[in-house]
Amino acid sequence: MLDAKLQTYSILAQGAHVSSWYKPGGPKSLDKVVKAYITMALRQLGVANAG
C-alpha cells in the first residue's frame, strides 16, 4: 500500500504545478485541465471507474 502522506503531496504538487504552464486561451480549456487532473488524482487514489 502506498503512503497516504506521499499521495497527498503528489496530488498537491500536481495542482500547484498547473500554474506554471496553464494559460487562459491556450490549447487546453480550464474545464478540460480540471477534469483531467481530477481523473488522475482519483486514479492515483485507487477510486474505481475514475474518468
Side-chain angles (χ1 to χ4, degrees):
M1 179 187 289
L2 294 174
D3 185 296
K5 191 172 187 178
L6 289 176
Q7 292 278 5
T8 301
Y9 288 150
S10 175
I11 290 169
L12 290 173
Q14 289 174 39
H17 182 67
V18 171
S19 66
S20 72
W21 64 263
Y22 177 77
K23 302 288 184 252
K28 301 213 182 293
S29 72
L30 182 58
D31 287 340
K32 286 185 179 185
V33 172
V34 168
K35 184 175 180 177
Y37 271 62
I38 289 170
T39 299
M40 289 186 290
L42 291 174
R43 285 182 182 165
Q44 182 176 340
L45 295 172
V47 176
N49 299 319

Distance-only check: which donor-acceptor pairs under 3.5 Å involve side-chain atoms of residues 5-13, not counting sequence neighbours?
residue : atom : partner : partner atom : Å
Q7      : OE1  : Q44     : NE2          : 2.7
T8      : OG1  : A4      : O            : 2.9
S10     : OG   : Q14     : NE2          : 3.3
S10     : OG   : Q44     : NE2          : 3.1

- Message: List the residues meeting side-chain contact (heavy atoms from CB on, under 4.5 Å) with V18, not counting sequence neighbours, and say none if there are none.
- Response: W21, Y22, V33, Y37
- List for me each residue that meets side chain to side chain donor-acceptor pair (under 3.5 Å) alongside S20, sequence neighbours excluded, and say none if there are none. H17
